[in-house]
Protein chains: 2
Amino acid sequence: MVNSLYICIMERDLSTEERIKEAAKQVFIIKGLAGARMQEIADAANINKAMLHYYFRSKDQLFKKIFDEVIGEFAPKILSILGEKRPLEVKVKDFVHQYLDMLSKNPFIPLFLISELRDQPEHVIEKVGIKRSGALDHLDQQLKTEAQAGNIRSIAPAHFMANLISLSIFPFLAKPILQSMFQMSDEDFSSFIEERKVLIPQLIMSSLKP
Amino acid sequence: MVNSLYICIMERDLSTEERIKEAAKQVFIIKGLAGARMQEIADAANINKAMLHYYFRSKDQLFKKIFDEVIGEFAPKILSILGEKRPLEVKVKDFVHQYLDMLSKNPFIPLFLISELRDQPEHVIEKVGIKRSGALDHLDQQLKTEAQAGNIRSIAPAHFMANLISLSIFPFLAKPILQSMFQMSDEDFSSFIEERKVLIPQLIMSSLKP
DNA sequence: AGTAATGTTAACCATCTGGTTAAACTAAAT
DNA sequence: ATTTAGTTTAACCAGATGGTTAACATTACT
């Protein structure tokens, strides 16, 4: 049976390989590697199941391709903004703003990445590890010099990053819990995220005041 | 084949039902519902696979039992501390301290809960929703009166909670990424968490300064 | 002791699932 | 038109998986 959730997006003008990748991305992101079924992906792509194996030898290889693609367009965006040579406060605001926007459009990505982190940590480490090198050097330097100049309190880059990312990503992971805890509708949650675009930079910057 | 990871914990003096639950908890927490195999749970509990179905009719029912138990001993701990009638700063410190301790001992719990949130949101909503009612009333009141008294900046309880929980939980979810990003060993990560016990309350409280 | 209820085991089953195969279709190249 | 390479399909397969059954063992009850 064709799953009506997916086919709507499966435009016919895409190449078969592209259709498979789009379908696989949707299914994997929502169900995870273990939970996804090849048949479901085939249905979503509106093709025969054998085609999956024709284009991507195995489920694992298909998943790896999707995973790499997703992480490949996700991780760099995190780091590029913070690596730029602009004032700290501007970068923080920009980061939070862009990041929350992206997450609003792709709310399942964080869980997807983190879930598979559980089973394939080496794989992710390898992927993210490469991207990191150098990208944060300027931030490290910036935090150090600003602290030495007495403009901000001294903070380890790891904590700075952990705070920023935690505050931005986690609400999306815990969305259902937050919604139930504070009786938010989906619209309420959107407003909640909008508020956080202002709130998180305030929080981060105020904590850096010397 | 018996999985050597699990059996060490399966003491013989536990009742069969308890052994199953302990084993299932371990396997489910690490592999998730879809990734866990009944045979693996049986091996970990050192019993016949049929016993699983004798004590808990199906995989889903077994999972539900485990899930409810885990969430049942996890969620209340979050809320009880913050619901107490003590000064805000004391509660925040206490919460972060106890929470990070618990997470250090059970680092897989957050991913477990959040992963299955994806497939069974209603179930969690129901579970958490009940616990919530009333538990946070005092905190709501406290945030409001303190703000009116001019002691703290005004903040919505949802944001306050989101900040606190995000900062505490997320680093455990992203542990492998953080470790790779900042080249932390496991010991480094433990120190990192220890530092956060001080850092998070500072961060939260400094952001509340009027 | 005898019997009923409960606990345990091994063998079995239906279905699902990832993956394969060989034949058929298509379209470009000769 | 024939060949050739790439693409698509339907049927099939072996192993895994959740779940069942019926016989056997143990404990509790009378």
Side-chain angles (χ1 to χ4, degrees), chain A residues 1-3 5-7 10-68 115-116 119-120 123, chain B residues 1-3 5-7 10-68 115-116 119-120 123:
Chain A
M1 195 209 338
V2 174
N3 192 323
L5 264 174
Y6 301 124
I7 45 167
M10 298 291 96
E11 304 299 321
R12 288 332 203 79
D13 50 350
L14 290 173
S15 74
T16 305
E17 188 172 339
E18 277 307 315
R19 283 227 307 286
I20 292 176
K21 270 162 58 166
E22 279 304 312
K25 194 189 275 188
Q26 290 190 49
V27 177
F28 278 138
I29 282 177
I30 292 174
K31 305 256 174 124
L33 172 56
R37 297 292 102 116
M38 293 297 265
Q39 187 59 57
E40 188 178 5
I41 295 172
D43 289 345
N46 215 15
I47 50 144
N48 191 293
K49 185 166 66 96
M51 296 298 288
L52 299 179
H53 294 94
Y54 177 74
Y55 282 96
F56 311 84
R57 295 177 54 86
S58 68
K59 185 186 185 184
D60 284 305
Q61 248 175 277
L62 174 57
F63 180 82
K64 196 173 177 303
K65 268 249 160 70
I66 302 297
F67 190 84
D68 287 356
S115 292
E116 308 307 333
D119 308 314
Q120 316 264 357
H123 183 213
Chain B
M1 192 208 342
V2 174
N3 191 323
L5 266 174
Y6 301 124
I7 45 166
M10 296 293 94
E11 304 299 320
R12 290 330 205 79
D13 50 352
L14 290 173
S15 75
T16 304
E17 188 171 340
E18 277 307 316
R19 284 226 308 285
I20 292 176
K21 271 163 58 167
E22 279 303 313
K25 194 189 276 188
Q26 290 190 50
V27 176
F28 278 138
I29 282 178
I30 291 175
K31 305 255 174 126
L33 171 56
R37 296 293 101 116
M38 293 297 266
Q39 187 59 58
E40 188 178 5
I41 295 173
D43 289 346
N46 216 14
I47 50 142
N48 192 293
K49 185 167 66 93
M51 295 298 286
L52 299 180
H53 293 93
Y54 178 74
Y55 281 96
F56 311 85
R57 295 177 52 91
S58 68
K59 186 186 185 184
D60 283 306
Q61 247 175 279
L62 174 56
F63 181 82
K64 194 171 179 304
K65 268 247 160 71
I66 301 297
F67 190 83
D68 287 356
S115 294
E116 309 305 335
D119 308 314
Q120 316 263 355
H123 182 212

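Numbered from 1 within each chain, the chains take letters A, B, ... in sequence-line order. All heavy atoms count here, side chains included; hydrogens, waters and symmetry mates do not.
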**Fill in**
To the nearest angstrom, the NE2-P distance between B/His53 and D/dG19 comes to 4 Å

**Prompt:** Does the side chain of B/Ile20 reach to within under 4.5 Å of the side chain of B/Glu17, using non-hydrogen atoms?
**Reply:** no

**Message:** Under 4.0 Å, counting only non-hydrogen atoms across every strand here, what does A/Ala36 touch: a base, just sugar-phosphate, or nothing?
**Reply:** sugar-phosphate

**Asked** Between atom OG1 of B/Thr16 and atom NZ of B/Lys21, what is the distance when rounded to the nearest 0.5 Å?
**Response** 12.5 Å

**Request:** Could you check how far CG of A/Asp43 sits from P of D/dT9, rounded to whole Å?
**Result:** 12 Å

**Prompt:** Heavy atoms under 4.0 Å, any strand shown: does A/Met51 hit a base, just sugar-phosphate, or nothing?
**Reply:** base

**Request:** Return the value, rounded to whole Å, for the distance between atom OH of A/Tyr54 and atom P of D/dA5.
**Result:** 12 Å

**Prompt:** Does A/Tyr55 place a side-chain N or O at less than 4.0 Å from the phosphate oxygens OP1/OP2 of D/dT8?
**Reply:** yes

**Item:** Gap between atom CG of B/Leu52 and atom CD of B/Gln39 - 0.5 Å precision
**Value:** 8.5 Å

**Message:** If I compare all heavy atoms of B/Ile41 with all of B/Ala23, which pair ends up nearest, and what's the gap?
**Reply:** O-CB, 3.7 Å

**Request:** Using atom CG of A/Leu52 as one end and atom P of D/dT9 as the other, report the distance to the nearest whole Å.
**Result:** 11 Å

**Asked** From A/Ser115 OG over to B/Glu116 CD, what is the distance, rounded to the nearest 0.5 angstrom?
**Response** 8.5 Å

**Request:** Answer yes or no: does a side-chain N or O of A/Thr16 lie under 4.0 Å from OP1 or OP2 of D/dT8?
**Result:** yes

Between side-chain atoms of residues 53-68 of chain B and protein atoms elsewhere (two or more places apart, or another chain), which donor-acceptor pairs fall under 3.5 Å?
from    : atom 1 : to       : atom 2 : distance (Å)
B/Ser58 : OG     : B/Gln61  : N      : 3.2
B/Lys59 : NZ     : B/Leu33  : O      : 2.9
B/Lys59 : NZ     : B/Ala36  : O      : 2.8
B/Asp68 : OD1    : B/His123 : NE2    : 2.8

**Request:** Please check the phosphate of D/dG18 (OP1 and OP2 only) for any side-chain N or O of B/Arg37 closer than 4.0 Å.
**Result:** yes

**Prompt:** Rounded to whole angstrom units, what separation is found between the CZ atom of B/Phe63 and the C1' atom of D/dG18?
**Reply:** 16 Å

**Separation of D/dA16 C1' from A/Lys59 NZ (nearest whole Å)** = 12 Å

**Asked** Is any side-chain N or O of B/Lys49 under 3.5 Å from a base N or O of D/dG18, one able to act as donor and the other as acceptor?
**Response** yes

**Atom of A/Arg19, atom of A/Ile47 and distance for their closest heavy-atom approach** = NH2-CG2, 3.4 Å

**Range on DNA chain C touched by chain B, heavy atoms, distance below 4.0 Å** = C/dT6 to C/dA10

**Prompt:** In whole angstrom, what separates A/Ile47's CD1 from D/dA10's C1'?
**Reply:** 14 Å

